[in-house]
Amino acid sequence: MRAEIARPLASRELSTLASALERLAKMNPDPGKWRNWDAFALDGAKRAREGKAPVSACVNCHRIYRAEYNARFRRRAVAP
């Protein structure tokens, strides 16, 4: 996540970030439980494509999923 999403967010490479967030939407590790994952990622991608930093989408996703994601899936790579 850091290389694929945090890096382009920090450097404002919004096109790269949008593509990474679209790939992230497809990586929901528990779709039955994590129902908003896809929406957060796709909302972030949409905002990035509009030239806006997707901070609210990131904050919402991290608030809900980050602790469990890091505990269970931290080493998982963003899909190519």
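Because the structure is predicted, anything quoted here is derived from the model rather than measured. Numbers here are sequence positions counted from 1.
- Residues satisfying the ring-ring contact (aromatic ring centres under 6.0 Å, His included) criterion with Tyr69, sequence neighbours excluded, are Trp37, Phe73.
- Taking CG of Asn28 as the reference point, atom CG of Asn36 lies at 9.5 Å (rounded to 0.5 Å).
- Taking every heavy atom of both residues into account, Pro8 and Ala3 meet most closely at CD-O, 3.6 Å.
- Within the structure, salt bridge (Lys or Arg N to Asp or Glu O under 4.0 Å) pairs that include any residue of residues 30-42 comprise Lys33-Glu68 (at least two apart or interchain).
- By the salt bridge (Lys or Arg N to Asp or Glu O under 4.0 Å) test, Arg7 is found to be paired with Glu13, residues two or more places apart in sequence or in another chain being considered.
- A distance of 8.5 Å separates CG of Leu21 from CG of Leu42, quoted to the nearest 0.5 Å.
- In this structure, the side-chain contact (heavy atoms from CB on, under 4.5 Å) partners of Arg12, at least two apart in sequence or on a different chain, are Leu14, Ala53.
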Under 3.5 Å, side-chain donor or acceptor atoms of residues 55-64 against the rest of the protein: list the pairs with distances, not counting sequence neighbours.
unit_1, atom_1, unit_2, atom_2, d
Asn60, OD1, Arg63, NH2, 3.4
Asn60, ND2, Ser56, O, 3.1

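- Across Ile5 and Leu17, no two heavy atoms sit closer than the pair O-CD1, 3.5 Å.
- More than 12 heavy atoms of other shown residues, nucleotides or ligands fall within 6.0 angstrom of atom CZ in Arg72.
- Here salt bridge (Lys or Arg N to Asp or Glu O under 4.0 Å) pairs that include residues 45-54, with residues two or more places apart or in two chains, are Glu22-Arg49, Lys46-Glu50, Glu50-Lys52.
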